[in-house]
Amino acid sequence: MSFAVTLMNWYREKGRDLPWRTTHDAYTIWLSEIILQQTRVEQGTPYFHRFLDAFPMVTKLAEASEDEILRLWQGLGYYSRARNMHKAAKMVVEDFGGKFPRAYKDVICLPGVGEYTAAAIASFSSNEPRAVVDGNVYRVLARYLGISVPINATQGKKMFAEIAQEMLDKHNPAIYNQAIMDFGALHCKPKNPLCEDCIFRMECVAFQEKLVEKLPVKLKGKGSRNRYFHYFIVLEDEQILMSKRGKGDVWTNLYEFPMIETMEDMSIPDLMAQADFVQYFEEDTALEYVGKQVKHVLSHQNIYARFYVVGDSGTLKNKKRGWNYYYCEKIDKLAKHKLIFSFLEKNVDLIAAKQL
DNA sequence: AAGACGGGGGG
DNA sequence: CCCCCAGTCTT
């Protein structure tokens, strides 16, 4: 029996029952695929329901404000996905009369839709024979065929794309694509794959050659860098000073407290000697720590954050200069803002206590 | 070709 | 601590 048929037989019996698999609606499929980019199914599923509930049709999403979309997206990460999603929705309204396209050549033009997502939408919605190549597919094919070419090098990407397309069952692209991804996610897992009970154990090159743990090969990138953030809590009449990241920033349109960043950790006196600090505050400004230093770990950077209550808000030199200031009406409304980091929200309690 | 981009879970 | 996840975009 062929690889494809064996795989699809496995899928019929062991495949997952996922909410977005019951539809052929390209908009719904697109929504799920954007959310699931680099995101585990369990993590993305609640967001999928939330978005579909808020925006049942692409026209609704296009009409929404970016603020509203980002707020719903909060906590999912890779925020450019949300911004691109909004742009794409507007493009669908403009260029396709509000009817979400299904063809690969059309959806690949939308921002945030790359080769994987375009193949997924095209195959799932209309059975266009395009093979998906995601992390699961790389792993399954690398092991089954014993390919040690790095999956994240240009040559490797090209090779795997070609092989995936050859392996695809052209008569059942939708089922096949979902089958190979489920097989990777549930059976041919990154760690502790279920090789002893595998339908392919006789043909799988990696298993026969004992290379399962070695494949796929992935070139490792650079490590993380450390960043030190100093957040200033400026209170005035039950209001709290917030700042909004501007255009061009990674965290565009997300909120945080006014802050300065330093290259290394430092004491309050050293911090007050920083040029940035002098620019914003008077020399006699009183700073007091709130809570302990927070370590926030991202994929490629470690953020060490300290919080300071600014003793007298009158010592702030110029509230319009440098920071994109914004007064939040009430401290408990902080949670309604799209904060950059979850730990900022957690510190609201500490700050509220300090306010008393 | 190489980096940047999040947050969560597993081993 | 390191790796991976229904990847894409920018430089």
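Atom set for the values below is all heavy atoms of this structure, side chains included, hydrogens, waters and symmetry mates excluded. Predicted model only: the values in this text are computed from it and were never measured. Lettering of chains follows the sequences in order, A, B, ..., and the numbering in each one begins at 1.
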In whole Å, what is the span from the [atom1] atom of [X] to the [atom2] atom of [N]?
| X | N | atom1 | atom2 | answer |
| --- | --- | --- | --- | --- |
| A:Tyr47 | C:dA6 | OH | P | 17 Å |
| A:Ile34 | C:dT8 | CD1 | C1' | 9 Å |
| A:Gln38 | C:dG7 | CD | P | 5 Å |

- Please find out if less than 6.0 Å separates the ring center of A:Tyr289 from that of A:Tyr308.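 Yes, ring centres under 6.0 Å apart.
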What is the nucleic acid contact for [X], judged by heavy atoms within less than 4.0 Å: base, sugar-phosphate only, or nothing?
| X | value |
| --- | --- |
| A:Glu115 | sugar-phosphate |
| A:Gly184 | nothing |
| A:Ile35 | nothing |
| A:Asn192 | sugar-phosphate |
| A:Ser32 | nothing |
| A:Trp73 | nothing |

Which of the following nucleotides, [options], is nearest to the side chain of [X]?
| X | options | answer |
| --- | --- | --- |
| A:Tyr116 | C:dT8, B:dG8, C:dC4 | C:dT8 |
| A:Arg139 | C:dT8, C:dC5, C:dA6 | C:dC5 |
| A:Tyr78 | C:dA6, C:dC4, B:dG6 | B:dG6 |
| A:Asp182 | C:dA6, B:dG11, B:dG6 | C:dA6 |
| A:Val41 | C:dA6, C:dC5, C:dT8 | C:dA6 |

- Task: Give, for atom CZ of A:Phe200 and atom CH2 of A:Trp10, the distance between the pair rounded to the nearest 0.5 Å.
- Result: 9.5 Å
- Kindly indicate whether the side chain of A:Thr39 and the base of B:dG7 share any N or O donor-acceptor pair separated by less than 3.5 Å? no
- Task: Could you please name the partner base of B:dA2, counting Watson-Crick and G-U wobble pairs only when both distances are under 3.5 Å?
- Result: C:dT10
- Message: Side chains of A:Gln37 and A:Arg81: any donor to acceptor distance under 3.5 Å?
- Response: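 Short answer, no.
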- Query: Does a salt bridge link A:Lys191 with A:Glu213, judged by any charged N lying under 4.0 Å from a carboxylate O?
  - Reply: no
- Task: Take the angle between the ring planes of A:Tyr144 and A:Phe3 and call it parallel below 30°, perpendicular above 60°, tilted in between.
- Result: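 A:Tyr144 and A:Phe3: tilted rings.
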Can you pull every protein N or O that's under 3.5 Å from an N or O on nucleotides 9-11 of chain C?
residue, atom, partner, partner atom, Å
C:dC9, OP1, A:Gly112, N, 2.4

- Query: When the nearest nucleotide of DNA chain B is assigned to A:Arg40 and to A:Lys189 on a heavy-atom basis, which residue is associated with the more 5' position?
  - Reply: A:Arg40
- Note on the structure: Of A:Ala153 and A:Glu42, the one whose nearest nucleotide on DNA chain B sits closer to the 5' end is A:Ala153
- Message: Which heavy atom of A:Ala131 sits nearest to which heavy atom of A:Leu168, and what is that distance?
- Response: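 Between these two residues, the closest heavy atoms are N-CD2, 3.7 Å.
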- Contacts satisfying salt bridge (charged side-chain N to carboxylate O under 4.0 Å, His left out) that involve residues 29-57 of chain A (not counting sequence neighbours) are none
